[in-house]
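Only one structure is covered here, and it is reproduced in the block below.
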Amino acid sequence: MAAAIVGEALLSAVVEALVGKISTEISEFYQSKKLDESLLEKLKLTLLSLHAFLDDAEEKQIKIASVKAWLDELIQALFDADDLIDDIATEALRRQVEARYHPVSSKVRKVLSSPFKWPYREINSKMQKLFERLEHFAQRAHNLPLEKGVSSNVWRATPTNSAFDDSAICGRDDERKNLREVVSVVNATQTCPLKPLVIEDCWTLISKHAFATHKCTEQSNLEETGRKIAERCGGLPLAAVALGGKSMSNHFDELDSLHGLKGLRTLTALPLEFGYMIFRHYLENEVLHELLVALKQLRVLSLSSYNNITVLPNSIGDLKHLRHLDLSFTGIKMLPPAICKLYNLQTLLLSYCRGLTELPEEMGKLVNLRRLAIDNCMNLKELPKGMGKLVNLRRLDIDGTNLQEMPLEIAKLENLQSLSRFIVSKQQNGLKLAELRKFPLLQGELCISKLENVIDPSDACQANLKEKKQIKELLLKWSHSTLEESHQVVLEHLQPSTNLKKLTVKCYGGTSFPNWLGDSSFGNIVCLRIEDCRHCSSLPPLGRLQSLKELFISGMKSVKSIGSEFYGGNSPSFQPFPSLETLTFKSMEEWEEWNMIDGITTEFPRLSHLSLRSCPKLKGNLPSNLPCLVRLDVEDCCVLESEFSGEVDNRNIMRALNVFNFNSLQQLSLFNIPSLTAFPSNGLPKALKTLSIEYCKKLEFPSHEFLQSCKALEGLRIMSSCCSLTSFPLGSLPVLKRLILWKCKHLKSISISEEAAASQSLMFLEDLQVYGCPELESISLLDSSTPNLKEGLPINLRTLGVGNEEGVYCNTAITKWGLDRLTSLSELSIKGEYLVKKLMEIQVPLLPNSLETLIIEDARGIQHLDGKWLQHLTSLKKLKLLRCDKLKSLPKEGLPSSISSLEMMICPMLRASYERKKGKEWSKIAHIPLIISYWELST
């Protein structure tokens with residue numbers, strides 16, 4: 001019934017839109033041309049009459065074939081009516097726009113006197129035929145068992161009908177039976193879980209929605225494409241409906257014809273997601289041209305992420321009905337002038353078109369444009385002067401462009417509600433800061449950049465930010481932190497509304513902050529960032545901001561001490577930062593002292609995340625009581641010391657950390673602290689779950705007893721640290737789930753602890769990654785001291801990554817790893833060629849059947865991939881080859897039939913054989929649903 005709800009809503013919207021157009025644009029046109037206005041009144045009455053039957057017809061079509069036939073025919077008639085009326089309205093609009101846009105000249109007079117698309121008599125004739133056609137449907141409705149304005153559904157959002165024809169249901173025969181049993185019981189509370197559809201049922205559902213008007217024969221290329229799509233639905237029926245619907249197609253280049261698509265109104269590209277990545281699409285230029293020529297009724301067109309599209313055909317200008325055009329993430333370099341003929345266009349999305357260098361000069365003709373997104377078009381340097389004619393523009397996104405200024409005409413866009421960035425100009429023909437007052441409706445996010453161009457500080461006052469109460473996020477940005485007295489006056493006058501929730505001040509060149517920054521009246525601010533304000537020697541009283549949850553301070557190079565001025569008071573009865581949860585200090589080059597308030601229990605009662613990065617001169621005191629601290633990151637803080645110790649030794653970092661109340665700490669990250677040599681003697685926080693140590697090369701790896709005390713530690717990452725580590729004892733950490741060892745230069749073995757409890761501890765380990773350890777000789781080789789354990793890797797591993805880029809590992813006996821015993825292993829990543837060669841040489845398959853993902857990286861010496869060691873992997877879905885420079889061919893035996901994704905990244909010698917539709921061996925992999933290839937590293 002969901003489809004019926006959508007259909008009813010759609011039909012009602014179409015009828016209402018038609019009546020609206022007839023009452024406005026068409027009526028005005030008829031009056032100006034002295035056409036038959038009585039015909040319009042009759043047409044409106046007929047449409048309203050049909051509208052009254054829609055509710056009842058939507059419900060009865062399920063059981064009554066004659067009603068369904070009437071409704072299906074009516075849908076097409078209404079869409080035809082919409083096309084005709086839109087044609088007339090668009091042509092009238094075109095003439096108005098052209099007349100207004102060009103100055104009075106012979107050319108304009110020619111435009112004004114040019115004939116309409118049809119003679120006026122023909123317009124009347126077409127409208128008369130339309131009226132007669134729709135009137136015929138209204139008369140037929142009276143002869144059908146339909147009632148006006150009737151609906152049996154009490155709750156309109158979720159109509160149900162026990163007489164629903166379940167022959168339209170695809171698959172789930174058992175679930176249908178169970179559902180009937182459940183609903184037959186009064187007040188049933190039993191649930192009926194639904195399993196994913198099998199691929200065949202997904203295909204059936206897709207074909208019902210995609211090919212409803214013509215059969216899809218066994219020989220058709222459409223079926224082959226459809227079945228590939230079915231495999232990607234994951235058994236989800238809604239995905240199958242969406243993929244099969246006429247509004248969407250991801251495989252334009254595989255369609256054998258455009259039959260049945262010419263009446264299409266919506267054509268959108270589905271995002272192609274794989275894991276956490278979104279990959280782009282490919283569409284041949286010829287197919288794009290054919291699409292635009294054939295689909296002239298389109299209202300919505302999305303070509304987003306088709307990055308091979310660099311040029312848009314001029315035929316785009318023929319899509320006169322188009323309302324929404326999405327070209328984001330394409331390779332488009334410029335838009336054809338013909339795009340300015342899309343007078344009905346309301347949304348134009350060009351986000352992340354990084355090759356785009358200019359917009360058409362006549363953009364102002366797009367008088368109905370409501371939203372223009374050109375954010376992250378980094379090569380776009382200027383806007384056309386005609387932008388001021390876009391009087392209906394509500395949203396302009398220009399963040400991430402290389403615009404140096406905004407044309408003065410933009411000040412005419414007084415209906416703007418969202419302006420992501422306002423660029424201050426000091427040129428005569430650019431926008432001044434004072435012009436910001438002309439946008440009274442601004443809301444949401446606003447960035448004001450190039451504030452150094454403000455010549456008259458009073459312009460900041462005229463901008464009237466204080467009265468723009470709908471702005472919730474504000475960024476005030478100077479290009480460089482240059483010492484300048486005028487900056488102080490400008491920032492003082494740029495006081496925002498107290499409704500503000502997020503504020504960023506960047507590269508401010510004053511020596512102190514204005515009084516409003518940190519004032520308690522700004523009780524709505526939850527996020528504050530102060531960046532690269534290099535000349536301020538003290539921080540504002542931010543502790544007074546009662547709702548502040550996130551505070552980020554960086555690049556304050558003149559700050560040497562932080563104390564009571566930061567908290568906003570020094571009385572023991574005053575509680576600063578009552579809501580603060582995240583606090584980050586970064587690149588504070590001269591910061592030495594962090595002073596606390598005497599007599600107060602804690603300065604940060606709710607702080608859960610503290611990050612200290614690149615504070616090379618910072619020493620004690622640090623906050624001594626952080627009762628809610630969950631995460632602590634320390635990076636490049638070389639001289640932290642504990643004042644209670646009375647000395648500074650080479651263990652200073654851990655001594656300083658030891659003064660914290662660590663009861664709640666769960667995540668600890670230590671990065672690039674060369675002076676750190678030892679862990680604290682009394683152990684790490686008892687609740688610690690993850691520990692990351694990077695570039696702490698002098699740090700000694702702790703003792704077995706120390707590790708045994710870490711009873712909550714689930715994740716351990718050691719990267720380019722603990723150079724004295726030669727053997728890692730698996731099983732020493734009681735509940736370890738994830739272990740990552742990268743670039744541990746002297747690591748020779750990973751072995752099982754001799755303790756009896758080791759076997760129990762190993763049952764927790766799920767993720768093991770060991771990379772770049774050139775001296776590693778063995779992994780989990782057991783000795784006689786552990787006779788009850790089988791030799792090999794921990795049996796519950798789900799993810800395993802091993803190898804070296806250099807391809808060393810020559811002393812590792814892979815046959816003793818027990819890979820075939822790892823029945824839970826789903827992902828294996830191998831770096832370097834040595835292990836791959838060993839796996840190909842061994843006759844007996846070593847890899848477990850459970851493997852779903854295989855990643856081979858940096859196997860630079862391998863030329864041919866043997867398939868014998870892969871053929872038994874019946875669960876393998878993804879194969880990724882990365883930086884295999886000399887690899888020329890995939891297995892002659894073919895890849896496992898279960899593979900649904902093949903990635904070939906920076907494997908240039910595979911291109912000759914496996915390039916899409918061009919490689920000589922392409923046919924051997926063409927059946928794989930998802931193939932991603934980047935042959936060479938982009939420069």
Side-chain angles (χ1 to χ4, degrees), residues 3 6-7 9-18 20-21 75-76 78-87 89-90 93 209-210 212-213 229 238-239 241-252 255 258 260-272 280-281 283 287-306 309 312-313 315-330 332 335-336 338-353 366-374 390 392-395 397:
V6 174
L10 176 61
L11 281 180
S12 296
V14 169
V15 173
E16 290 165 9
L18 284 171
K21 282 183 186 177
I75 289 172
Q76 188 57 54
L78 288 173
F79 281 135
D80 290 345
D82 186 46
D83 288 343
L84 174 60
I85 289 174
D86 206 47
D87 273 342
T90 300
L93 178 61
H209 286 79
T213 58
I229 296 173
L238 288 178
V241 170
L243 287 163
K246 283 182 67 179
S247 66
M248 298 186 181
S249 174
N250 238 357
H251 297 266
F252 305 139
L255 295 176
L258 295 172
L261 299 179
K262 292 190 177 180
L264 210 64
R265 280 165 163 70
T266 301
L267 192 62
T268 65
L270 292 175
L272 186 60
R280 299 185 174 187
H281 314 286
L283 180 63
V287 178
L288 175 59
H289 176 68
E290 290 176 17
L291 280 170
L292 298 184
V293 169
L295 307 179
K296 293 187 177 179
Q297 308 305 322
L298 282 177
R299 267 65 171 175
V300 175
L301 173 61
S302 173
L303 299 171
S304 178
S305 297
Y306 283 88
I309 296 178
L312 205 59
S315 50
I316 188 72
D318 295 332
L319 304 184
K320 58 186 176 184
H321 302 289
L322 202 63
R323 265 67 174 176
H324 180 105
L325 177 59
D326 187 355
L327 299 170
S328 57
F329 294 95
T330 62
I332 204 85
L335 299 173
I339 204 170
C340 300
K341 296 179 181 179
L342 303 178
Y343 306 110
N344 287 308
L345 196 65
Q346 296 179 6
T347 300
L348 177 58
L349 306 180
L350 299 163
S351 305
Y352 289 91
C353 291
L366 303 178
V367 292
N368 277 310
L369 201 64
R370 264 69 167 173
R371 180 184 178 189
L372 175 62
I374 51 176
L390 302 177
N392 288 308
L393 200 64
R394 301 291 192 273
R395 181 171 177 180
D397 301 325

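Note that the structure is a prediction, hence the values are computed from the model and not measured. The residues of the chain are indexed from 1 along the displayed sequence.
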Q) Are His324 and Leu349 close enough that some pair of their side-chain heavy atoms sits under 4.5 Å apart? A) yes
Q) Would Leu291 and Leu301 satisfy side chain to side chain contact (heavy atoms under 4.5 Å, CB included), going step by step from the backbone distance to the final call? A) CA-CA 10 Å; Leu291 280 170; Leu301 173 61; over 6 Å; no
Q | Interatomic spacing from CG in Leu322 to CD1 in Ile316 - rounded to 0.5 Å | A | 6.0 Å
(Q) Show the nearest heavy-atom pair for residues Ile332 and Cys353, with the distance to one decimal. (A) CG2-SG, 3.7 Å
Q | Taking every non-hydrogen atom, the tightest pair across Leu288 and Leu303 | A | CD1-CD1, 3.6 Å
(Q) Pair Lys320, Asp86 - check salt bridge (charged side-chain N to carboxylate O under 4.0 Å, His left out), show working. (A) CA-CA 9 Å; Lys320 58 186 176 184; Asp86 206 47; over 6 Å; no
Q | Spatial distance of atom CZ (Arg323) from atom CZ (Arg299) [nearest 0.5 Å] | A | 6.0 Å
Q | Identified side chain to side chain donor-acceptor pair (under 3.5 Å) partner of His321 from the options Asp83, Thr90, Asp87, Asn344 | A | Asp87
Q: Could you tell me whether a side-chain N or O of Asn392 sits under 3.5 Å from a main-chain N or O of Asn368, the two making a donor and an acceptor?
A: no
Q) So how far is it from Arg370 CZ to Arg394 CZ, rounded to the nearest 0.5 Å? A) 6.0 Å
Q: Tell me, with the steps shown, if Ser328 and Tyr352 meet side chain to side chain contact (heavy atoms under 4.5 Å, CB included).
A: CA-CA 6 Å; Ser328 57; Tyr352 289 91; 5.7 Å; no
Q.
Closer than 3.5 angstrom, by distance alone: can the side chain of Arg371 be matched with the main-chain N or O of Leu369 as a donor-acceptor pair?
A. no
Q.
Minimum heavy-atom separation for Leu292 and Leu319, please, with both atom names.
A. O-CD2, 3.6 Å
(Q) To check you understand the geometry: which heavy-atom pair defines the closest contact between Leu335 and Leu327, and what is its length? (A) CD2-CD1, 3.9 Å
Q) What's the spacing between Leu325 CG and Thr347 OG1 if we round to 0.5 Å? A) 9.5 Å
Q.
Using 0.5 Å steps for rounding, measure from the CD1 atom of Ile374 to the CG atom of Asp397.
A. 8.5 Å
Q: Specify the closest pair of heavy atoms between Leu18 and Asp82, including all atoms of both residues, with the distance to one decimal.
A: CD2-CA, 3.5 Å
Q) When rounded to the nearest 0.5 angstrom, what is the spacing between CG in Asp318 and CG in Leu295? A) 12.0 Å
**Q.** Residue pair Pro336 / Leu312: nearest heavy atoms and the distance that separates them
**A.** CG-O, 3.4 Å
